[in-house]
Asker: 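Provided herewith is a single structure, encoded as structure tokens, for subsequent inquiry.
Since we're looking at a predicted model, the values are computed, not measured.
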Amino acid sequence: MNYLKKNIGIPLCIVFVVIFDVISYALKPYFYGTGWYLISSLQRFIFFAIELFIFIKLFKKSKISEVLHMKGFKQGLIAGIAMLIYVPFDFITYCILGADGWNTVSISMIIACLFFQQITTGLWEEITFRVFVCEGYFQSENRTARNRIIYAVISFMIFGLVHAVECESFEVAIYRFLTTGIWGFAFAAVYLYTHNFLAVAFLHFITDVFLNIPSFISDYKDTVALTIMDNYVLWVVRAIILIVAVIFLIKKPLKEKELIGYES
């Protein structure tokens, strides 16, 4: 398989995102609240299913269990332990120390936003930004730490840029590029270490739930504790996530027989 075909997943990732955004922007004016979260979730799931089918056919996978399997799942959670640190940090910082008031919303909206949209976001974004983008590494015989870092950086760049283009100012776009890029890099590290899609999709889902809880907060307390946590400790947590990701990119991945969805 030549270099272009091995890495066809990278341009395909961009194509999928463009089509997804065009459809999303076309639908958004007609829905709001719970309805929007449900439609958005359905769109994500449909794109996930279509992309999964394309991936299996394009890269000639013999069965779906080569992509959706539990081998290496536990090791994936261990590799993503730094990302899970964000869960208690977010809850303590924004929900306990920060929240001074909450928006009045229905239970159905909370479930639609924090469960349905986030679980489908984990599925769609991970197959798009990790499975397609990183497949070139697994198609190559040169599976070195250097190559793993290169693919993780590519994931950082694409994931960061896609989220940055939504921003209204250059300063905010740079901040969004860096912060979401770190998450993309970390998810890629877990995927490249385990070759387990479900592990990174689960990590993405859990962390996204807590990343989105603050959207329901209406007012924040003006305290020193919140300022320290939000402006300084947050960057320490991000640094830990980045450092752990690099460690697992350098660390030898799971054995080949553990990286496939069937026994050889």
Asker: Can you tell me if E168 has over 12 outside heavy atoms packed within less than 6.0 Å of its CD?
Answerer: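 Open: at most 12 neighbouring heavy atoms sit under 6.0 Å from CD of E168.
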Asker: Transitively linked via ILVMFWY side-chain contacts under 4.5 Å: I78 with I243?
Answerer: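 They do not share one cluster, since no chain of ILVMFWY contacts under 4.5 Å joins I78 to I243.
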Asker: Say you draw a straight line from OG1 of T194 to NE2 of H69; how long is it, rounded to the nearest 0.5 Å?
Answerer: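 It is 7.5 Å, given to the nearest 0.5 Å.
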Asker: Are the aromatic ring centres of F187 and Y191 under 6.0 angstrom apart?
Answerer: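 Here the rings of Y191 and F187 have centres that are no less than 6.0 Å from each other.
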Asker: Step through the shown structure and confirm whether more than 12 heavy atoms of other residues, nucleotides or ligands are within 6.0 Å of CZ on F45.
Answerer: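 Atom CZ in F45 is not packed in, count stays at 12 or less.
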Asker: Between the main-chain N or O of G184 and the side-chain N or O of S155, is there a donor-acceptor pair closer than 3.5 Å?
Answerer: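 Checked: pair present.
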Asker: Looking at side-chain heavy atoms only, is the closest gap between Q75 and L254 below 4.5 Å?
Answerer: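 Touching, per the 4.5 Å side-chain cut-off.
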Asker: Within the 4.5 Å heavy-atom criterion, are S24 and Q43 side-chain neighbours or not?
Answerer: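 When only atoms from C-beta onward are counted, Q43 and S24 do touch, with a gap below 4.5 Å.
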Asker: To the nearest 0.5 Å, how far apart are CZ in F205 and CD in Q118?
Answerer: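 That separation rounds to 8.0 Å.
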Asker: Please test V87 against F91 for side chain to side chain contact (heavy atoms under 4.5 Å, CB included), starting from the C-alpha separation and ending with a verdict.
Answerer: CA-CA 6 Å; V87 171; F91 186 77; 5.8 Å; no
Asker: Have Y151 and N7 got a donor and an acceptor in their side chains that come within less than 3.5 Å?
Answerer: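 Yes, because at least one side-chain N or O of Y151 sits under 3.5 Å from a partner of the opposite role on N7.
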Asker: Would you find more than 12 non-hydrogen atoms of other residues, nucleotides or ligands less than 6.0 Å from I107 atom CD1?
Answerer: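 No, not enclosed.
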Asker: Got a donor-acceptor contact below 3.5 angstrom from the T93 side chain to the M229 backbone?
Answerer: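 Side chain of T93 to backbone of M229, a donor-acceptor pair under 3.5 Å: no, none is there.
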Asker: I'd like to know if the side chain of S140 and the backbone of R143 have a donor-acceptor N/O pair within less than 3.5 Å.
Answerer: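 No: the side chain of S140 does not pair with the backbone of R143.
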Asker: Counting only heavy atoms not in F116, do more than 12 sit closer than 6.0 Å to its CZ atom?
Answerer: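 No.
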Asker: Is any side-chain heavy atom of F170 closer than 4.5 Å to one of I174?
Answerer: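 I174 reaches F170 side chain to side chain.
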Asker: Donor-acceptor pair, distance only, cut-off 3.5 Å: does the side chain of E126 make one with the backbone of F197?
Answerer: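 Judged by distance alone, no pair lies under 3.5 Å.
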Asker: Which heavy atom of G101 sits nearest a heavy atom of I217, and at what distance?
Answerer: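 Of all heavy-atom pairs spanning G101 and I217, the closest is O-CG2, 3.4 Å.
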Asker: Report whether I111 and I206 are members of the same hydrophobic cluster (ILVMFWY, side-chain heavy atoms less than 4.5 Å apart, transitive linking).
Answerer: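 In one cluster with I111: I206, yes.
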Asker: Counting neighbours of CE on M109 that are heavy atoms of other residues, nucleotides or ligands and sit closer than 6.0 Å, is the number greater than 12?
Answerer: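 Yes, the 6.0 Å shell around CE holds more than 12 heavy atoms from other groups.
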Asker: Between M83 and T207, what is the shortest heavy-atom contact and its length?
Answerer: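 Taking M83 first and T207 second, the nearest heavy atoms are O-CG2, 3.6 Å.
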Asker: Decide yes or no for F129 and V162: does some side-chain heavy atom of the first lie under 4.5 Å from some side-chain heavy atom of the second?
Answerer: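 Side-chain contact under 4.5 Å: yes.
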Asker: Which pair of non-hydrogen atoms, one from Y220 and one from A99, has the smallest distance, and what is that distance?
Answerer: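 Nearest heavy atoms, Y220 then A99: CD2-N, 4.3 Å.
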Asker: Give a yes or no on whether the backbone of L249 and the side-chain of R148 come within a donor-acceptor separation of less than 3.5 Å.
Answerer: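 Yes; at least one donor-acceptor contact below 3.5 Å.
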Asker: With a 6.0 Å cut-off on ring centres, are F132 and F16 close enough?
Answerer: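 Judged by ring-centre distance (under 6.0 Å), F132 and F16 do meet the cut-off.
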Asker: Between F47 and F20, how do the two ring planes meet: parallel, tilted or perpendicular, split at 30° and 60°?
Answerer: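 Perpendicular, since the angle between the ring planes exceeds 60°.
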Asker: For the CD1 atom of I96 and the CG atom of D90, what is their distance to the nearest 0.5 Å?
Answerer: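 Spacing of CD1 (I96) from CG (D90) equals 10.5 Å.
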Asker: Any side-chain heavy atom of W124 within less than 4.5 Å of one from S41?
Answerer: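 W124 does not reach S41 side chain to side chain.
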Asker: Verify whether one side chain among Q117 and S40 offers a donor that lies under 3.5 Å from an acceptor in the other.
Answerer: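 Side-chain D/A pair, Q117 to S40: present.
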Asker: For the pair E135 and K61, find out whether any cationic side-chain nitrogen is under 4.0 Å from an anionic carboxylate oxygen.
Answerer: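 Here E135 pairs with K61 in a salt bridge, since their nearest N and O are under 4.0 Å apart.
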Asker: To the nearest 0.5 Å, what is the distance between CD1 (I10) and SG (C134)?
Answerer: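 Separation between the atoms: 8.0 Å.
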Asker: Taking atom CG of N103 as the centre, does the number of heavy atoms from other residues, nucleotides or ligands within less than 6.0 Å exceed 12?
Answerer: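 Yes, CG of N103 has more than 12 neighbouring heavy atoms, counting only those of other groups under 6.0 Å.
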Asker: Does the ring centre of H163 sit less than 6.0 Å away from the ring centre of F177?
Answerer: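 Aromatic pair excluded; centres sit 6.0 Å or further apart.
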Asker: Looking only at side-chain N and O atoms, does R238 offer a donor or acceptor that is under 3.5 Å from a partner on T179?
Answerer: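 The answer is no; no qualifying pair exists.
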Asker: Using every non-hydrogen atom in the two residues, find where K71 and N196 come nearest and quote the distance to one decimal.
Answerer: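 Answer, listing the atom of K71 first, then N196: O-ND2, 2.7 Å.
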Asker: Around atom NZ of K28, are there more than 12 heavy atoms from other residues, nucleotides or ligands closer than 6.0 Å?
Answerer: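 Not buried by this count: 12 neighbours or fewer within 6.0 Å.
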Asker: For W102 versus C95, what's the shortest heavy-atom pair and its separation?
Answerer: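 For W102 and C95, the tightest heavy-atom pair comes out as CH2-SG, 3.9 Å.
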Asker: Within the side chain of N147, is there an N or O that forms a donor-acceptor pair under 3.5 Å with the backbone of N142?
Answerer: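 Yes: the side chain of N147 pairs with the backbone of N142.
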Asker: Applying side chain to side chain contact (heavy atoms under 4.5 Å, CB included), run through F202 and L77 and close with a yes or a no.
Answerer: CA-CA 9 Å; F202 177 77; L77 298 187; 3.7 Å; yes
Asker: When rounded to the nearest 0.5 angstrom, what distance separates CG in L203 from CD1 in I81?
Answerer: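 L203 atom CG to I81 atom CD1 measures 9.0 Å (nearest 0.5 Å).
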Asker: I'd like to check E125 versus F159 (side-chain heavy atoms, cut-off strictly below 4.5 Å). Are they in contact?
Answerer: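 Yes, their side chains come closer than 4.5 Å.
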Asker: How long is the straight-line distance from CD1 of I19 back to CD of E51, given to the nearest 0.5 Å?
Answerer: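 The CD atom of E51 sits 9.0 Å away from the CD1 atom of I19.
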Asker: Are the side chain of S65 and the backbone of L68 linked by a donor-acceptor contact shorter than 3.5 Å?
Answerer: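 Looks like no, no N/O pair under 3.5 Å.
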Asker: Do you know the tightest heavy-atom contact between I149 and F185?
Answerer: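 Taking I149 first and F185 second, the nearest heavy atoms are O-CE1, 4.5 Å.
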Asker: Establish whether V236 and I247 are linked, either directly or via other cluster members, by ILVMFWY side-chain heavy-atom contacts under 4.5 Å.
Answerer: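 Result: no, two separate clusters.
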Asker: Looking just at side-chain N and O atoms, do Y94 and D230 make a donor-acceptor pair shorter than 3.5 Å?
Answerer: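 Judged by distance alone, the side chains do pair up.
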Asker: Measure the acute angle between the ring planes of W36 and F31, then classify it against the limits of 30° and 60° as parallel, tilted or perpendicular.
Answerer: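 Rings of W36 and F31: tilted, 30 to 60°.
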Asker: Is it the case that one hydrophobic cluster holds both F53 and L12, taking links as side-chain heavy atoms less than 4.5 Å apart, direct or via other members?
Answerer: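 Unlinked, F53 and L12 end up in two clusters.
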Asker: Kindly work out whether a path of hydrophobic side-chain contacts (I/L/V/M/F/W/Y, heavy atoms less than 4.5 Å apart) joins V131 to I150.
Answerer: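 The answer is yes; both residues are in one hydrophobic cluster.
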Asker: Relative to each other, are the rings of F89 and Y86 parallel, tilted or perpendicular (30° and 60° limits)?
Answerer: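 F89 and Y86: tilted rings.
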Asker: Do F216 and L114 touch side chain to side chain, with heavy atoms closer than 4.5 Å?
Answerer: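 In short, these two side chains touch, coming nearer than 4.5 Å.
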